[in-house]
Asks: 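To start, I am sharing the structure in question, which I have written as structure tokens.
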2 protein chains.
Amino acid sequence: MQGRLSRKATLLVGTAALLMLSANPALAKETGGKETSKGVTWEDIRNDQETTDDVVSWGMGPRNHRYSPLDQINRDNIKGMKAVWSFSFGDEKQRGQETQAIVHDGTIYVTASYSRVFALDAKSGKKKWSYTARLPEDIRPCCDVVNRGAAIYGDKVFFGTLDAAMVALNKDTGEVVWRKKFGDHTAGYTMTGAPTIIKDQKTGKVMLLHGNSGDEFGVIGKFYARDPDTGDEIWMRPMVEGHMGRLNGEESTPTGNPKAPSWPNNDDGTKVEAWNHGGGAPWQSATFDVKTNTIVVGTGNPAPWNTWYRSGKDGNWQDYDSLYTSGQIYLEPSTGEPVGFFQHTPNDAWDYSGNNPITLFEMEKDGKTIRAGAHADRNGFFFVTDLDKLTARDGKISKQVGGAIGIYPFVPDISWATGWDVANGRPNEVEGQRPPPPKPGEKKGEVIEVTPNFLGGTNWMPMSYNKETKLFYIPSNDWSEEYWTEPVTYKKGAAYLGQGFRIKRQFDTHVGVLRAMDPTNGEIVWEAKEPLPLWAGTLTTKGGLVITGTSDGYVKAFDAKNGEELWKFQTGSGIVSQPVTWEMDGVQYIGLASGYGGAVPLWGGDMADLTKQVSQGGSFWVFAVPNELASAEPAEEPKTSTQ
Amino acid sequence: MQGRLSRKATLLVGTAALLMLSANPALAKETGGKETSKGVTWEDIRNDQETTDDVVSWGMGPRNHRYSPLDQINRDNIKGMKAVWSFSFGDEKQRGQETQAIVHDGTIYVTASYSRVFALDAKSGKKKWSYTARLPEDIRPCCDVVNRGAAIYGDKVFFGTLDAAMVALNKDTGEVVWRKKFGDHTAGYTMTGAPTIIKDQKTGKVMLLHGNSGDEFGVIGKFYARDPDTGDEIWMRPMVEGHMGRLNGEESTPTGNPKAPSWPNNDDGTKVEAWNHGGGAPWQSATFDVKTNTIVVGTGNPAPWNTWYRSGKDGNWQDYDSLYTSGQIYLEPSTGEPVGFFQHTPNDAWDYSGNNPITLFEMEKDGKTIRAGAHADRNGFFFVTDLDKLTARDGKISKQVGGAIGIYPFVPDISWATGWDVANGRPNEVEGQRPPPPKPGEKKGEVIEVTPNFLGGTNWMPMSYNKETKLFYIPSNDWSEEYWTEPVTYKKGAAYLGQGFRIKRQFDTHVGVLRAMDPTNGEIVWEAKEPLPLWAGTLTTKGGLVITGTSDGYVKAFDAKNGEELWKFQTGSGIVSQPVTWEMDGVQYIGLASGYGGAVPLWGGDMADLTKQVSQGGSFWVFAVPNELASAEPAEEPKTSTQ
């Protein structure tokens, strides 16, 4: 049998391959030599939020609004929306599909679990090419084998792999143009986030930006700028205070104070172990403020989770903020130097991290237009920060004082802080909410209950901003946890937490809540509850819609104004991806991946049990409103699929 | 979680169903007692082809017409057909999904690859329960880990597993009621076919019928009748002439002549090795002629494939038919005794096998109504047999003489026979088409080219019969192969073929052809060509439609009269399953599985390469025409999914 199987595998080239081409619509469009389509320019990316015929950046524009000016599909006709086609990622590989698709020139580029990329014909769903990274056995993704999307620029598609490499593929053929390994995957370095293309407004240089993941294994969070043509590193910026950056292959500057006073010293004056493995990984995608030429990216939790390893004598955490973790950092594109930082959770004791993207927007308040950043944090607070202050080149990195405009709870019953001193940028922490150290002779600390839990009031899944309603649409969860400390010592490749936990249900009625937040006053304008955790991003449109997916498999559309559920469709596996929309030949489409996984089923305690009913999957779906299809193609009958 | 799932599974009726609609469908539906729904009766199964609200048998009725009297979806409105929901089988298990769904009382029972069963809410696609057989590592399925469907009777769902067991599950909970291991999977015994429920018209006893697979490993093909309540065997009938049957736990009668003259002897008068491992496995499903109380089932190829091991001295194959392989056998339900047999390929030298079901129908010919059986064989010929003659209890098993009404080619360029002597039931074989034995001193025989190849003019995928058009709709393939003999000795668990092969493309234009056959004269009334092999069953309806799926992922609908392609939808993975249709709350639905696999990608040579572009998958899909949905629920807006 084996013999026969390998005989089967012996022919792929020559006439066989030609036959394959002639029969395969996906491969047939040859132009004599190489298939070509127009390249993606920086202007395409910069204008992504205004243009409707493509989606060429994660977040649908450098400011991550995830808003489309398309209104062909709208609150009046969405009841008639139908599936147009689906594509299976295949390979007997499933797990979490957290991707956001890129759409360009009739092709959809979608990443999938296990570091895969598929190029699909946007009309028919036929595969043009696919790429599967050959992953080593000893990768250490903390929270499932997910990938959150690709970047595109020129003739290349870029994505990060679970073995901590960045790969550039020819967008027309899927061939590897370059691959850069940037971290030791056996130490926990990995990559799940989507890279970002920006253009340094000073030098005119286009750059590929990306970070790493791995805080749960005690990595040092690093952010990279690369030449998209060659993959060569331009600079690298570590996110732990005092660690040394790199520029053009040379040591550049330490991040902040080289003595790292926000991390304690040992008695001998050396830094504590935690500083050497301090986390802060920028594992999600950057946004970019073109006006001030500033990169903005969230930084991950400090390592270990256990606060006492990062605190001073007698449990003094107040003087040790674990910079520059669990906050939003602002970087100069030419050099990677930090120019601003606002911390969401000083000396984070709860793995709140701070990664999900900072959405840049204009806010009308008190008759003024304020350039602001908005960020919904795992710690349960919604941060509106002053973009001009945070990007100011004033020689000061920390902008806690004066950096925030408003900080509002977006989930109920936050237990770790009663609120914020907004002017000074400090939370009003509740005593006893830091999991206490083990008592003498005990192996674990007292169990305390904390809300929200470390999976967060929200997590990685990006919110969207609708400039018509002026509301943010946050995929949030109401849940709590039991938390306790445990001793930990760094060991390469092993979990570096020092904390145990059990995720718990908070309300009988629901876990997930889609919330509409008014950034001017922190008001929750509406909410829509879900029985299972929400783990998908949101998309909002001029059509007055909010689109998202649910863990029990539905794509859903809500009225952006009042949260009314207008439409849903069951895709068969949980949805934890990011919807996008685009227009093609006069028809508006909505696309997203279905496939359940991510952190919840792995770490979610009661909530993981709750989601055991959900089938794994791995597929991409495209939807449209058929009547519109018909009116757009008046000469033909309404079509549900086109080849 | 099991607790939750089984709690979930406990209610389906009354207020519980309402709760399910209003809150979390997965968790809310409790009534305090056990979920119950009405049991399936023999009358339900017998009338399956007339009733529209359920599909309670493989083949949509004991005669396997795969015809539905539903016409709500029809050739005029099918252009508007849309996906209603999809369900992912999950588990990081994909490969071929060849299943036919059972639909009963609001639940869809669908089997999946790797011996899995899912019970789904027919309205919403929500999982009610699932069962996954724990398979040993050393199973030996020749042609992918497929399953072709379940049977249902009373409160139980029955299906066969790859480790050669039959399992009965409670249809409301998925709990195992009984499991019967019937073969040694390490010797190649396995099961992929759907079992069949019949009622012995003589005794009134309802029986569960099933066969086994494994001819490529030299098993003895056996057919079983069991008590559906207990799983206890009633009888077993082997398909190799002279092997001993069993009745009520005791030896009963040998199959045919105990001396097995259709298999050669060694010089010492013992039977040749091949006879001990002679194949003939009835690996597909039986049909049932209620009028004469006769089971009809196809038998598999003889083992080994190599004809010379089953021929007499000097290569005399003419006198050795390898009974009762590669034919259609007729059995008495009370005892399992053979009452008739018609062989499709005497002394089959090409692995043509003969398994796909014999469809029982009435044919008007020369002003008379003839009760007939129709069978499209892998060998390229379409057999119309005389049902009354083949079921006659006349003491003769072989009905070659006079058993056939018409035998017609349904694929072009059949090379192994020019046609048939219908009256005598013998093919006009072409000399030199049996792969010759190796010449002295050589290890393999001369390579010859044969059409069709062993994957067949058609294969397992069942055709359908439309009593309005009076046509059969055959999923067929045009392809050939290179064939040569090799020496072989039986070794338990090893392939027992004695033949090598390489599947080849026959035409540049196509491989698959959906063909409409007029059984009265063998005319191909229309054909629709496909670039890739066809490997899905067909369904036909009073709405004038033929529904099937393609290896490149489309569900397609054709005009039953002329073959015009009316509609298609891309499901994202290849379709190799069997569509069904049913009505629920006044709405007609069509359902089938998507997920590419089966024999072609494993054995198909050039054709396997051709299908490498196809993603694996594993999902069930339901379709309907939304306008009809709307008109059926006039008080509500058109809905695309209902919870």
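Every chain is numbered from 1 and lettered A, B, ... according to where its sequence line falls, protein lines coming before strand lines.
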Asks: Relative to chain B, which segment of A:Phe89 carries a heavy atom at a distance below 4.5 Å: side chain, backbone, both, or neither?
Replies: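 The answer is the backbone of A:Phe89.
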Asks: What part of B:Arg95 gets within 4.5 angstrom of chain A, counting heavy atoms only: side chain, backbone, both, or neither?
Replies: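 For B:Arg95, the contact with chain A is made by backbone and side chain together.
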Asks: Which heavy atom of A:Ser124 sits nearest to which heavy atom of B:Gln570, and what is that distance?
Replies: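 Nearest heavy atoms, A:Ser124 then B:Gln570: O-CG, 3.5 Å.
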Asks: Can you find a pair of side-chain heavy atoms, one from B:Tyr114 and one from A:Glu92, that are under 4.5 Å apart?
Replies: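 Contact flag for B:Tyr114/A:Glu92 side chains = yes.
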Asks: Would you mind telling me which of B:Gly572, B:Ser573, B:Gly595 has the largest number of heavy-atom pairs within less than 4.5 Å of chain A?
Replies: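 When all of B:Gly572, B:Ser573, B:Gly595 are compared, B:Gly572 has the most.
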Asks: Taking only residues two or more places apart in sequence or in another chain, which ones pass side chain to side chain donor-acceptor pair (under 3.5 Å) with A:Glu564?
Replies: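 Applying side chain to side chain donor-acceptor pair (under 3.5 Å) to A:Glu564 gives none.
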Asks: Residues two or more places apart in sequence or in another chain: which of them pass ring pair (Phe, Tyr, Trp, His ring centres under 6.0 Å) with A:Phe87?
Replies: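 Testing A:Phe87 for ring pair (Phe, Tyr, Trp, His ring centres under 6.0 Å), a comparison that skips the adjacent residues, returns A:Phe118.
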Asks: Looking at every non-hydrogen atom in both residues, tell me the closest pair between B:Asp91 and A:Gln616 and how far apart they are.
Replies: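 Scanning both residues completely, I find the closest heavy atoms to be N-CB, 3.8 Å.
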Asks: Please examine the side chains of B:Trp621 and A:Ser86, heavy atoms only from C-beta on, and report whether any two atoms are closer than 4.5 Å.
Replies: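 With C-beta onward as the side chain, the pair touches.
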Asks: If we define contacts as heavy-atom pairs under 4.5 Å, which of A:Ser619, A:Ser88, A:Gly90 has the most with chain B?
Replies: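 Greatest number of close heavy-atom pairs with chain B: A:Ser88.
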Asks: Do side-chain atoms of A:Lys126 reach the backbone of B:Asp552 as a donor and acceptor pair under 3.5 angstrom?
Replies: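 Yes, because the side chain of A:Lys126 sits within donor-acceptor range (under 3.5 Å) of the backbone of B:Asp552.
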